[in-house]
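Below: the structure, in C-alpha coordinates.
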Amino acid sequence: MGFFDSAQEVLDKGVSAAKGAVSGVAVEQQAFMKGFVRLCNDGWNQGWHERNGGNLTYRMTPEEVSSCRTFFYDAPSSWVALGVQADDLRGEFFAVTGSGTHLHNVALDPDRNAGIVEINSAGDAWRIVWGLKGGGVPTSEFPSHFLCHAVRKRVTNGANRVVYHAHPTAIGACTLVLPADARVVTRALWKSLTEGVIAFPAGVGVLPWMVPGSSELAQATSRQMGTYEAVVWAQHGLMCAGTDFDATFGLMQAVEKAADVYVRARSMGGGGEPANVISDEGIRATAAAYRLPVNEAFLD
Ligand code: 2HA
Ligand code: ZN
(Lines give C-alpha, C1' and ligand atoms only; values in the text may rest on other atoms or scores of the structure.)
(Ligands and ions follow the chains in the order given, each with its own letter.)
Protein backbone atom coordinates (compact mmCIF):
# COMPACT_ATOMS: atom_id res chain seq x y z
CA MET A 1 0.00 0.00 0.00
CA GLY A 2 1.42 3.38 -1.00
CA PHE A 3 1.92 6.26 1.37
CA PHE A 4 -1.11 8.09 0.09
CA ASP A 5 -3.38 5.04 0.38
CA SER A 6 -2.45 4.51 4.01
CA ALA A 7 -2.83 8.22 4.68
CA GLN A 8 -6.32 8.02 3.20
CA GLU A 9 -7.13 5.07 5.45
CA VAL A 10 -6.08 7.06 8.52
CA LEU A 11 -8.25 9.90 7.28
CA ASP A 12 -11.26 7.65 6.73
CA LYS A 13 -10.99 6.28 10.28
CA GLY A 14 -10.80 9.73 11.79
CA VAL A 15 -13.72 10.82 9.73
CA SER A 16 -16.08 8.10 10.85
CA ALA A 17 -15.35 9.11 14.44
CA ALA A 18 -16.02 12.75 13.61
CA LYS A 19 -19.25 11.89 11.84
CA GLY A 20 -20.62 10.38 15.02
CA ALA A 21 -20.32 13.75 16.73
CA VAL A 22 -21.63 16.09 14.03
CA SER A 23 -23.83 15.31 11.03
CA GLY A 24 -22.69 16.06 7.49
CA VAL A 25 -19.69 15.10 5.40
CA ALA A 26 -16.54 15.86 7.40
CA VAL A 27 -14.24 18.53 5.97
CA GLU A 28 -11.51 15.94 5.31
CA GLN A 29 -13.95 13.88 3.23
CA GLN A 30 -15.11 16.71 0.99
CA ALA A 31 -13.82 16.70 -2.58
CA PHE A 32 -12.01 20.05 -2.33
CA MET A 33 -10.08 18.96 0.78
CA LYS A 34 -9.19 15.61 -0.78
CA GLY A 35 -7.81 17.50 -3.78
CA PHE A 36 -5.94 19.88 -1.49
CA VAL A 37 -4.34 17.04 0.48
CA ARG A 38 -3.49 15.13 -2.67
CA LEU A 39 -1.67 18.09 -4.21
CA CYS A 40 0.47 18.49 -1.07
CA ASN A 41 1.38 14.84 -1.26
CA ASP A 42 2.06 14.87 -5.00
CA GLY A 43 4.31 17.93 -4.60
CA TRP A 44 6.19 16.21 -1.78
CA ASN A 45 6.73 13.16 -4.01
CA GLN A 46 8.20 15.43 -6.71
CA GLY A 47 10.85 16.62 -4.25
CA TRP A 48 9.59 20.19 -4.35
CA HIS A 49 9.02 20.60 -0.60
CA GLU A 50 12.22 20.03 1.34
CA ARG A 51 11.70 20.69 5.04
CA ASN A 52 8.74 23.11 5.29
CA GLY A 53 9.22 24.52 1.79
CA GLY A 54 6.19 25.50 -0.25
CA ASN A 55 2.55 26.18 0.55
CA LEU A 56 -0.96 25.90 -0.88
CA THR A 57 -4.16 27.93 -0.65
CA TYR A 58 -7.62 27.35 -2.14
CA ARG A 59 -10.51 29.83 -2.37
CA MET A 60 -13.62 27.88 -1.42
CA THR A 61 -16.95 28.07 -3.25
CA PRO A 62 -20.03 29.26 -1.30
CA GLU A 63 -21.40 25.67 -1.52
CA GLU A 64 -18.23 24.26 0.02
CA VAL A 65 -18.37 26.83 2.80
CA SER A 66 -22.01 25.88 3.55
CA SER A 67 -21.24 22.18 3.67
CA CYS A 68 -18.31 22.77 6.05
CA ARG A 69 -20.08 25.15 8.43
CA THR A 70 -21.31 22.49 10.87
CA PHE A 71 -17.64 21.57 11.44
CA PHE A 72 -16.41 25.13 12.01
CA TYR A 73 -15.25 26.11 15.51
CA ASP A 74 -17.96 27.50 17.77
CA ALA A 75 -15.40 30.11 18.79
CA PRO A 76 -13.11 31.03 15.85
CA SER A 77 -9.69 32.54 16.56
CA SER A 78 -9.47 36.31 16.91
CA TRP A 79 -8.86 38.38 13.75
CA VAL A 80 -5.22 38.72 12.67
CA ALA A 81 -4.10 41.50 10.31
CA LEU A 82 -2.77 40.29 6.94
CA GLY A 83 -0.52 43.28 6.28
CA VAL A 84 -2.12 43.56 2.84
CA GLN A 85 -5.70 44.28 1.72
CA ALA A 86 -7.99 43.19 -1.16
CA ASP A 87 -11.55 44.38 -1.76
CA ASP A 88 -12.11 41.40 -4.07
CA LEU A 89 -11.62 38.92 -1.22
CA ARG A 90 -13.84 40.41 1.49
CA GLY A 91 -15.69 37.60 3.30
CA GLU A 92 -14.02 34.77 1.34
CA PHE A 93 -12.95 31.46 2.93
CA PHE A 94 -9.60 29.82 2.14
CA ALA A 95 -8.20 26.38 2.79
CA VAL A 96 -4.54 26.97 3.69
CA THR A 97 -1.45 25.01 4.67
CA GLY A 98 0.01 25.95 8.04
CA SER A 99 3.13 28.01 8.65
CA GLY A 100 6.09 25.67 9.21
CA THR A 101 4.11 22.69 7.91
CA HIS A 102 6.05 19.94 6.18
CA LEU A 103 3.73 19.22 3.25
CA HIS A 104 4.10 15.43 3.54
CA ASN A 105 2.34 15.64 6.91
CA VAL A 106 -0.83 17.26 5.53
CA ALA A 107 -2.33 13.95 4.37
CA LEU A 108 -1.75 12.28 7.74
CA ASP A 109 -3.12 15.10 9.87
CA PRO A 110 -5.07 17.63 7.79
CA ASP A 111 -6.71 19.49 10.69
CA ARG A 112 -3.30 20.15 12.28
CA ASN A 113 -1.20 20.94 9.19
CA ALA A 114 -3.91 22.75 7.25
CA GLY A 115 -6.99 24.76 8.07
CA ILE A 116 -9.75 27.05 6.86
CA VAL A 117 -9.59 30.80 7.42
CA GLU A 118 -12.30 33.40 6.94
CA ILE A 119 -11.43 36.88 5.63
CA ASN A 120 -13.08 39.84 7.37
CA SER A 121 -15.44 42.30 5.71
CA ALA A 122 -12.62 44.83 5.27
CA GLY A 123 -10.53 42.29 3.32
CA ASP A 124 -7.48 42.81 5.51
CA ALA A 125 -7.53 40.16 8.27
CA TRP A 126 -8.12 36.42 8.76
CA ARG A 127 -9.39 34.17 11.52
CA ILE A 128 -9.25 30.39 11.82
CA VAL A 129 -12.62 28.65 11.59
CA TRP A 130 -11.41 25.05 11.15
CA GLY A 131 -8.17 23.08 11.61
CA LEU A 132 -4.66 24.46 12.31
CA LYS A 133 -4.96 22.69 15.66
CA GLY A 134 -2.23 23.10 18.24
CA GLY A 135 -1.61 26.81 17.66
CA GLY A 136 -1.09 26.70 13.90
CA VAL A 137 -1.40 29.78 11.68
CA PRO A 138 -1.63 30.14 7.88
CA THR A 139 1.53 29.84 5.75
CA SER A 140 4.12 32.63 6.01
CA GLU A 141 3.44 33.28 2.31
CA PHE A 142 -0.28 33.93 2.91
CA PRO A 143 0.09 37.65 2.02
CA SER A 144 1.52 36.65 -1.39
CA HIS A 145 -1.13 33.99 -1.91
CA PHE A 146 -3.86 36.40 -0.86
CA LEU A 147 -2.92 39.17 -3.29
CA CYS A 148 -2.42 36.62 -6.09
CA HIS A 149 -5.92 35.25 -5.42
CA ALA A 150 -7.33 38.78 -5.62
CA VAL A 151 -5.73 39.45 -9.00
CA ARG A 152 -6.44 36.02 -10.49
CA LYS A 153 -10.08 36.16 -9.30
CA ARG A 154 -10.46 39.51 -11.06
CA VAL A 155 -8.73 38.64 -14.35
CA THR A 156 -10.44 35.24 -14.68
CA ASN A 157 -13.92 36.37 -13.54
CA GLY A 158 -13.70 34.13 -10.52
CA ALA A 159 -12.50 31.00 -12.34
CA ASN A 160 -9.09 30.75 -10.64
CA ARG A 161 -9.25 29.30 -7.11
CA VAL A 162 -5.85 27.75 -6.42
CA VAL A 163 -2.47 29.34 -5.62
CA TYR A 164 0.50 27.01 -5.11
CA HIS A 165 4.09 27.76 -4.18
CA ALA A 166 6.91 25.18 -4.48
CA HIS A 167 10.70 24.94 -4.68
CA PRO A 168 11.37 22.91 -7.86
CA THR A 169 15.08 22.40 -8.52
CA ALA A 170 15.57 23.08 -12.23
CA ILE A 171 13.69 26.38 -12.44
CA GLY A 172 15.71 27.50 -9.41
CA ALA A 173 18.93 26.53 -11.18
CA CYS A 174 17.86 28.50 -14.27
CA THR A 175 17.63 31.67 -12.18
CA LEU A 176 21.29 31.27 -11.15
CA VAL A 177 22.31 31.45 -14.80
CA LEU A 178 19.64 33.48 -16.63
CA PRO A 179 18.78 37.13 -15.87
CA ALA A 180 15.59 37.85 -13.90
CA ASP A 181 13.83 38.74 -17.16
CA ALA A 182 10.45 37.23 -18.09
CA ARG A 183 11.17 37.25 -21.83
CA VAL A 184 14.56 35.54 -21.52
CA VAL A 185 13.34 32.86 -19.10
CA THR A 186 10.09 32.21 -20.99
CA ARG A 187 11.96 31.78 -24.29
CA ALA A 188 14.40 29.31 -22.72
CA LEU A 189 11.43 27.26 -21.44
CA TRP A 190 9.26 27.47 -24.57
CA LYS A 191 12.21 26.46 -26.78
CA SER A 192 13.11 23.45 -24.62
CA LEU A 193 9.76 21.65 -24.44
CA THR A 194 7.02 21.51 -27.09
CA GLU A 195 4.36 21.38 -24.38
CA GLY A 196 5.71 24.63 -22.88
CA VAL A 197 3.77 27.16 -24.95
CA ILE A 198 0.63 25.01 -24.59
CA ALA A 199 0.89 24.94 -20.78
CA PHE A 200 1.85 28.60 -20.34
CA PRO A 201 1.05 30.59 -23.52
CA ALA A 202 1.35 33.90 -21.65
CA GLY A 203 4.86 32.93 -20.54
CA VAL A 204 6.19 33.10 -17.00
CA GLY A 205 6.84 36.18 -14.91
CA VAL A 206 10.19 36.48 -13.12
CA LEU A 207 11.02 38.44 -9.98
CA PRO A 208 14.49 39.14 -8.63
CA TRP A 209 15.37 37.75 -5.19
CA MET A 210 13.26 39.20 -2.37
CA VAL A 211 12.73 38.41 1.31
CA PRO A 212 10.34 35.41 1.63
CA GLY A 213 6.99 36.18 3.25
CA SER A 214 7.43 39.96 2.78
CA SER A 215 4.65 42.25 1.64
CA GLU A 216 7.05 43.59 -1.06
CA LEU A 217 7.24 40.07 -2.52
CA ALA A 218 3.45 39.75 -2.19
CA GLN A 219 2.81 43.04 -4.03
CA ALA A 220 5.33 42.32 -6.79
CA THR A 221 4.05 38.77 -7.34
CA SER A 222 0.44 39.85 -7.57
CA ARG A 223 1.31 42.54 -10.14
CA GLN A 224 2.91 39.83 -12.31
CA MET A 225 -0.13 37.57 -11.81
CA GLY A 226 -2.19 40.09 -13.79
CA THR A 227 -0.39 38.73 -16.87
CA TYR A 228 1.09 35.35 -15.91
CA GLU A 229 -0.33 32.27 -14.15
CA ALA A 230 3.22 31.31 -13.17
CA VAL A 231 5.73 33.63 -11.51
CA VAL A 232 9.33 32.58 -10.86
CA TRP A 233 11.00 33.83 -7.68
CA ALA A 234 14.72 33.95 -8.43
CA GLN A 235 16.91 31.70 -6.24
CA HIS A 236 13.73 30.57 -4.44
CA GLY A 237 10.93 28.86 -6.36
CA LEU A 238 7.75 29.26 -8.31
CA MET A 239 4.21 30.53 -7.66
CA CYS A 240 1.40 29.11 -9.81
CA ALA A 241 -2.32 29.87 -10.03
CA GLY A 242 -5.15 27.94 -11.65
CA THR A 243 -8.80 26.98 -11.75
CA ASP A 244 -8.37 23.70 -9.90
CA PHE A 245 -5.73 21.51 -8.25
CA ASP A 246 -4.91 19.51 -11.40
CA ALA A 247 -4.48 22.58 -13.59
CA THR A 248 -2.28 24.33 -11.04
CA PHE A 249 -0.14 21.30 -10.27
CA GLY A 250 0.16 20.55 -14.00
CA LEU A 251 1.37 24.09 -14.64
CA MET A 252 4.04 23.76 -11.94
CA GLN A 253 5.12 20.46 -13.48
CA ALA A 254 5.24 21.81 -17.03
CA VAL A 255 7.40 24.81 -16.06
CA GLU A 256 9.73 22.57 -14.08
CA LYS A 257 9.93 19.93 -16.85
CA ALA A 258 10.89 22.57 -19.44
CA ALA A 259 13.46 24.01 -17.02
CA ASP A 260 14.85 20.55 -16.33
CA VAL A 261 15.30 19.81 -20.05
CA TYR A 262 16.98 23.19 -20.54
CA VAL A 263 19.35 22.70 -17.58
CA ARG A 264 20.34 19.20 -18.73
CA ALA A 265 20.92 20.35 -22.31
CA ARG A 266 23.10 23.26 -21.14
CA SER A 267 25.04 20.95 -18.83
CA MET A 268 25.72 18.47 -21.66
CA GLY A 269 26.86 21.31 -23.89
CA GLY A 270 29.43 22.57 -21.40
CA GLY A 271 27.21 25.37 -20.15
CA GLY A 272 26.43 27.11 -23.43
CA GLU A 273 23.00 27.75 -24.99
CA PRO A 274 21.63 24.51 -26.54
CA ALA A 275 21.85 24.38 -30.35
CA ASN A 276 18.74 22.48 -31.45
CA VAL A 277 15.87 24.35 -29.83
CA ILE A 278 12.28 24.89 -31.05
CA SER A 279 12.11 27.85 -33.46
CA ASP A 280 9.95 30.92 -32.95
CA GLU A 281 7.95 29.81 -35.99
CA GLY A 282 7.41 26.42 -34.36
CA ILE A 283 6.13 28.02 -31.17
CA ARG A 284 3.82 30.31 -33.18
CA ALA A 285 2.50 27.38 -35.22
CA THR A 286 1.84 25.32 -32.07
CA ALA A 287 -0.06 28.22 -30.50
CA ALA A 288 -2.10 28.65 -33.70
CA ALA A 289 -2.87 24.92 -33.93
CA TYR A 290 -4.13 24.89 -30.35
CA ARG A 291 -5.81 28.33 -30.64
CA LEU A 292 -3.78 29.67 -27.70
CA PRO A 293 -3.24 33.38 -27.03
CA VAL A 294 0.56 33.25 -27.17
CA ASN A 295 2.41 36.26 -25.76
CA GLU A 296 3.72 37.72 -29.05
CA ALA A 297 6.03 40.10 -27.21
CA PHE A 298 8.14 37.10 -26.25
CA LEU A 299 8.60 35.88 -29.85
CA ASP A 300 11.02 37.24 -32.48
O1 2HA B 1 6.86 27.77 3.52
O2 2HA B 1 8.34 28.23 1.03
O3 2HA B 1 8.67 30.81 0.87
C4 2HA B 1 8.18 28.13 3.36
C5 2HA B 1 8.38 28.83 2.09
C6 2HA B 1 8.58 30.27 2.13
ZN1 ZN C 1 9.28 29.27 -0.60
Side-chain angles (χ1 to χ4, degrees), residues 36-59 80 82-84 94-117 126 128 131-152 162-176 180 185 204-225 228-242 245 248-249 251-253 255-256 259-260:
F36 185 98
V37 165
R38 181 176 170 207
L39 186 151
C40 293
N41 209 66
D42 287 348
W44 171 263
N45 286 333
Q46 296 284 327
W48 295 342
H49 299 293
E50 76 290 341
R51 201 168 164 265
N52 63 324
N55 25 74
L56 175 65
T57 56
Y58 169 75
R59 185 170 57 83
V80 177
L82 265 158
V84 293
F94 290 92
V96 300
T97 50
S99 179
T101 293
H102 293 213
L103 289 206
H104 68 137
N105 289 330
V106 175
L108 286 172
D109 226 352
D111 66 359
R112 186 160 291 269
N113 295 291
I116 296 174
V117 296
W126 53 263
I128 299 164
L132 292 170
K133 284 188 175 150
V137 293
T139 163
S140 59
E141 299 291 3
F142 194 40
S144 272
H145 282 247
F146 185 76
L147 291 188
C148 288
H149 275 290
V151 171
R152 295 308 304 175
V162 181
V163 173
Y164 176 39
H165 168 59
H167 298 171
T169 308
I171 192 69
C174 285
T175 68
L176 300 187
V185 174
V204 297
V206 185
L207 290 173
W209 186 89
M210 291 188 201
V211 175
S214 63
S215 59
E216 290 74 22
L217 180 58
Q219 303 281 359
T221 308
S222 68
R223 275 195 296 274
Q224 300 265 312
M225 282 270 171
Y228 311 106
E229 278 182 327
V231 178
V232 179
W233 291 350
Q235 297 89 37
H236 182 157
L238 183 61
M239 195 78 150
C240 288
F245 296 111
T248 313
F249 189 81
L251 175 60
M252 183 77 70
Q253 256 187 323
V255 172
E256 175 60 4
D260 195 12

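Ligands are counted one by one from 1 in listed order, and the atoms in each one are counted from 1 as well. The analysis underlying the following values was restricted to heavy atoms, covering all of them including side chains, and did not include hydrogens, waters or symmetry mates.
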Please indicate whether any nitrogen or oxygen in [X] is less than 3.5 Å from any nitrogen or oxygen in ligand 1.
{"X": "His236", "answer": "yes"}
{"X": "Glu141", "answer": "yes"}
{"X": "Gly53", "answer": "no"}

- May I ask you to check whether His167 and His236 place their ring centers less than 6.0 Å from one another? yes
Answer whether the closest heavy-atom distance between the side chains of [X] and [Y] falls below 4.5 Å.
{"X": "Leu147", "Y": "Val151", "result": "no"}
{"X": "Val204", "Y": "Tyr228", "result": "no"}
{"X": "His149", "Y": "Met225", "result": "no"}
{"X": "Leu108", "Y": "Asn113", "result": "no"}

What atoms of ligand 1 come closer than 4.0 angstrom to any heavy atom of [X]?
{"X": "Asn55", "answer": "1 (O), 2 (O), 4 (C), 5 (C)"}
{"X": "His167", "answer": "2 (O), 5 (C)"}
{"X": "Gly54", "answer": "1 (O), 2 (O), 4 (C), 5 (C)"}
{"X": "His165", "answer": "2 (O), 3 (O)"}
{"X": "Asn52", "answer": "1 (O), 4 (C)"}

- Of all heavy-atom pairs linking Arg51 and Trp44, the shortest is O-CZ3, 4.4 Å
- Note on the structure: So the angle subtended at the Zn ion (ligand 2) by His167 atom NE2 and His236 atom NE2, rounded to 10 degrees, is 100°
- For the residue pair Phe245 and Phe36, categorise the inter-ring angle as parallel (less than 30°), tilted (30 to 60°) or perpendicular (more than 60°). perpendicular
